[in-house]
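Below is one structure, written out as structure tokens; comments come after it.
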Amino acid sequence: MFGIPGKSPITMTPAAEAQIARLMEKDGHKGLRIGVKKGGCAGMEYTMDYVDQVDTHDEVVEQGNARVMIAPMAQMFLFGTEIDYEISLLESGFKFNNPNVTEACGCGESIKFDDTLSTAPTDLSAPPKF
């Protein structure tokens, strides 16, 4: 993982931590795997999937009762990200406060990273193939 020793690669707000813990408990999942993939109007999109088995290449972040796995090819894109969970009158969902994002579309679901980061493979939620 790209990181600073002793510092978590991502953080979760208390609201995100509580929601992830609820989702894990609901169906007995081991956590949520986050990643990025090509798509959307800005070029990239975040992915979130339930995890029932931790991949040996995942970066595992535990905070309270919440567990997030970071897909190997997405680690450099997500370093320093804060995951939040927001509830409004019309919608609710996870929000990624990511310092690596250089542009985002109006809907907030599509993002663009610095061109030096965007030279990575297209499927960034899958483990690397050796």
Side-chain angles (χ1 to χ4, degrees):
M1 175 68 188
F2 302 90
I4 300 169
K7 182 175 177 172
S8 180
I10 62 150
T11 58
M12 296 172 253
T13 64
E17 180 183 328
Q19 181 63 14
I20 291 169
R22 276 192 291 274
L23 291 171
M24 288 172 56
E25 186 178 308
K26 182 179 174 186
D27 293 319
H29 298 292
K30 299 263 188 214
L32 293 176
R33 180 175 291 117
I34 59 173
V36 292
K37 68 177 184 176
K38 286 200 177 220
C41 52
M44 303 287 276
E45 297 174 318
Y46 292 109
T47 62
M48 285 189 100
D49 298 298
Y50 290 111
V51 174
D52 292 321
Q53 184 173 342
V54 179
D55 186 282
T56 57
H57 298 291
D58 285 342
E59 177 72 24
V60 179
V61 176
E62 293 180 302
Q63 186 174 308
N65 292 325
R67 183 179 303 117
V68 172
M69 290 73 163
I70 305 172
M73 297 306 291
Q75 293 174 7
M76 69 180 142
F77 294 99
L78 297 173
F79 182 75
T81 298
E82 176 192 63
I83 302 172
D84 193 8
Y85 187 76
E86 296 181 345
I87 300 172
S88 70
L89 191 57
L90 299 175
E91 63 185 4
S92 63
F94 289 100
K95 180 180 177 185
F96 293 80
N97 299 310
N98 187 336
N100 305 305
V101 171
T102 58
E103 291 180 35
C105 68
C107 68
E109 294 187 16
S110 182
I111 50 174
K112 182 178 179 185
F113 296 101
D114 184 306
D115 289 337
T116 59
L117 292 176
S118 297
T119 57
T122 53
D123 185 3
L124 304 174
S125 61
K129 293 183 174 44
F130 296 100

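Small disclaimer: the values here were computed from a predicted structure and weren't measured. Count residues from 1 along the sequence.
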Under a 4.5 Å side-chain heavy-atom rule over Ile, Leu, Val, Met, Phe, Trp and Tyr, are [X] and [Y] clustered together?
{"X": "V60", "Y": "M73", "result": "no"}
{"X": "Y50", "Y": "I70", "result": "yes"}
{"X": "V101", "Y": "L78", "result": "yes"}
{"X": "V36", "Y": "V51", "result": "no"}

With a 4.5 Å heavy-atom cut-off, do [X] and [Y] have their side chains touching?
{"X": "I34", "Y": "I83", "result": "yes"}
{"X": "K38", "Y": "M44", "result": "yes"}
{"X": "N65", "Y": "M24", "result": "no"}
{"X": "I20", "Y": "F94", "result": "yes"}

Could you check whether any side-chain N or O of [X] sits under 3.5 Å from a backbone N or O of [Y], counting only pairs where one atom can act as donor and the other as acceptor?
{"X": "D55", "Y": "H57", "result": "yes"}
{"X": "T13", "Y": "A16", "result": "yes"}
{"X": "Q19", "Y": "Y85", "result": "no"}
{"X": "R67", "Y": "K30", "result": "yes"}

CZ-CD distance between R22 and E17, expressed to the nearest 0.5 angstrom
10.5 Å
For the CD atom of E59 and the CD atom of Q75, what is their distance to the nearest 0.5 Å?
5.5 Å
Where is the tightest heavy-atom contact between [X] and [Y], given as atom of each residue plus distance?
{"X": "H29", "Y": "L23", "answer": "CD2-O, 3.8 Å"}
{"X": "N100", "Y": "N98", "answer": "N-OD1, 2.8 Å"}
{"X": "M12", "Y": "Q63", "answer": "O-NE2, 2.6 Å"}
{"X": "A71", "Y": "G35", "answer": "CB-CA, 4.4 Å"}
{"X": "A66", "Y": "A21", "answer": "CB-N, 4.2 Å"}

Going through the distances and angles, do I10 and F96 end up as a side chain to side chain contact (heavy atoms under 4.5 Å, CB included)?
CA-CA 10 Å; I10 62 150; F96 293 80; over 6 Å; no
